[in-house]
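Down below is the structure, laid out as structure tokens.
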Amino acid sequence: MTVSVVLFTSDLRLHDHPPLHAALAAADEVVPLFVLDDAIEDAGFGAPNRRAFLADCLRDLDAGLRDRGGRLVIRSGDVAEEVCRIVSETGAGDVHVAAGVSGYAQRREERLREELGSQGCRLHVHDAVITAVAPGTVTPSGAGRDHFAVFTPYFRRWSDAPQRTPFDAPRTVRVPAGPRSAAPPARAGVAGVSAGLAQGGEAEGRRSFTAWRRHGLGQYEERHDDLAGDATSRLSPHLHFGTLSPTELVHRARTAAGPGAEAFVRQLCWREFHHQVLAARPSASRTDYRSQHDRWRTEQSAADDIAAWREGRTGYPLVDAAMRQLLHEGWMHNRGRLLASSFLVKTLYVDWRVGARHFLDLLVDGDIANNQLNWQWMAGTGTDSRPNRVLNPVLQARRYDPDGTYVRRWVPELAGVDGGAVHEPWKLGAEERARCDYPEPLVGLAEGLARFRDARGLD
DNA sequence: TATTCGTTCAT
DNA sequence: TGAACGAAT
């Protein structure tokens with residue numbers, strides 16, 4: 001009787017799962033294992049919204065495995081130690097895991113390789129699980145370059161890269177009776193969760209994608225930047241936890257075809273672009289990818305401004321609406337993310353790491369590669385070739401929330417102001433102004449711009 | 001084969 | 001403005 005272990009990480013699904021597929025093909029029995037890693041808690045990355053979503057995912061994965069005659073084995077502690085323990089309990093000869101890109105994932109892989117090797121157990125690291133195209137498989141043609149720093153050429157090459165046909169979910173999974181499992185964590189047991197947090201799990205992810213593909217994909221190109229329309233796929237948490245397979249999404253979007261599908265695939269590629277940058281430069285999660293020699297304002301020197309930004313009371317309605325959506329849902333519209341991050345780094349001139357940390361504390365899809373590199377993009381220290389652009393929240397509001405619906409949805413103090421006037425409450429008459437309990441702008445846009453341009457040494 | 005240069009393009 | 005590419009050298 002041969003036994004293999006499948007270590008689930010951010011790939012909490014049964015459909016299109018190469019490690020599971022390989023393990024089932026080669027062994028009589030498989031131990032599907034998930035380890036709640038103490039290291040993640042200690043590092044402060046166990047944000048309540050993601051822990052709650054993760055709880056949904058683990059319950060659903062366990063349910064899916066039980067439907068197929070198996071179960072999920074859940075342990076907590078140190079990942080490498082727990083894997084080794086399962087290996088010695090079951091006599092497994094092989095461990096399968098998806099390749100990851102973060103520093104954490106790379107260290108985990110190294111430790112597994114070392115410790116399993118000394119136990120005489122083989123480690124199989126599978127590419128193209130967390131991304132459709134594995135980082136490093138597509139590189140610029142010039143010598144010595146290990147990753148793309150510009151999106152468009154990457155997109156072209158990524159689009160031409162071969163992709164496997166998605167695997168079906170297995171019909172049956174035989175799990176040895178021995179290994180004990182902790183009960184799957186309950187979402188209800190997590191404190192501090194956003195009231196409007198989405199539900200996790202593969203079944204929910206597949207249901208969402210199917211519905212959105214039918215009703216949202218066709219108009220995605222025209223509508224994805226419309227804040228009030230809320231017409232994005234909202235699949236980011238499922239991609240983060242791997243309850244949906246990027247390979248399958250690309251495959252099914254390409255089958256659907258059309259401009260909406262192309263625009264959607266392009267966005268999926270942005271995620272992979274950031275993954276391949278981080279895989280090549282793991283330090284970009286903490287330090288400037290391309291330094292502009294900033295002397296950022298910090299947690300200490302800009303405490304009041306930062307608090308106002310976090311709580312959604314900067315006095316700029318669209319920024320505040322976006323920040324309150326984040327607090328309430330643990331998720332933010334992508335256009336809001338760009339605007340809110342530009343405001344913090346460019347207008348308030350606060351260190352991008354402060355903003356990135358706040359987003360990671362709340363975002364259910366909070367992902368090191370996407371979050372940190374998008375923040376660096378907006379800070380002008382990332383891969384943007386126009387590092388000094390500043391988004392004007394009023395102009396952005398006119399373009400992406402022309403009639404103010406998004407603002408009124410999230411900023412109840414302004415719910416009584418009609419139309420686009422809601423974006424400039426400082427222009428309201430004294431009487432109407434007095435009726436809404438809404439703050440004055442934290443800083444003038446011209447003043448913020450001057451500070452930024454001065455700090456960057458621009459004329 | 002390696003370097004340079006013009007062109008394209010950019011969340 | 002700078003990255004990427006491909007053509008020219």
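This one's a predicted model, so the numbers in the text were calculated from it and none came from an experiment. Proteins get letters first, then strands, A, B, ... in listed order; numbering begins at 1 in each. Just so it is clear, the values below take in all heavy atoms, side chains as well, and ignore hydrogens, waters and symmetry mates.
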Would you call the rings of F209(A) and F264(A) parallel, tilted or perpendicular, taking 30° and 60° as the class edges? parallel
Mind checking whether H21(A) and F167(A) have parallel, tilted or perpendicular rings, split at 30° and 60°? parallel
When you check the phosphate oxygens OP1 and OP2 of dA4(C), does a side-chain N or O of R145(A) lie under 4.0 Å from one of them? yes
I need the single residue from F155(A), W377(A), Y154(A) that forms a ring-ring contact (aromatic ring centres under 6.0 Å, His included) with W270(A). Which is it? W377(A)
Is any side-chain nitrogen or oxygen of R290(A) closer than 4.0 Å to OP1 or OP2 of dA3(C)? yes
Please classify the nucleic acid contact of R337(A) as base, sugar-phosphate, or nothing, using heavy-atom distances under 4.0 Å. nothing
Enumerate the residues from residues 262-283 of chain A whose closest heavy atom to DNA chain B is under 4.0 Å, giving them by residue number; use none for an empty result. R266(A), Q267(A), W270(A)
Classify N334(A) by what it touches in the nucleic acid, base, sugar-phosphate, or nothing, heavy-atom distance under 4.0 Å. base
Checking S342(A) side chain against L391(A) main chain: does a donor-acceptor pair fall under 3.5 Å? yes
Once hydrogens and angles are ignored, does a donor-acceptor distance under 3.5 Å link the base of dA3(C) to the side chain of S385(A)? no
What residues from residues 150-157 of chain A pass a heavy-atom cutoff of under 4.0 Å to DNA chain C? V150(A), P153(A), R157(A)
Would you call the rings of W309(A) and F359(A) parallel, tilted or perpendicular if under 30° counts as parallel and over 60° as perpendicular? parallel
Do the two ring centres, one from Y406(A) and one from H423(A), sit under 6.0 Å apart? no
Per the salt bridge (charged side-chain N to carboxylate O under 4.0 Å, His left out) rule, which among R324(A), R433(A), R435(A), R408(A) passes with E413(A)? R324(A)
Pick one: which of R206(A), R213(A), R13(A) meets salt bridge (charged side-chain N to carboxylate O under 4.0 Å, His left out) with E248(A)? R206(A)
Give the rounded distance in Å between these two atoms: CD of Q292(A) and C1' of dT1(C). 11 Å
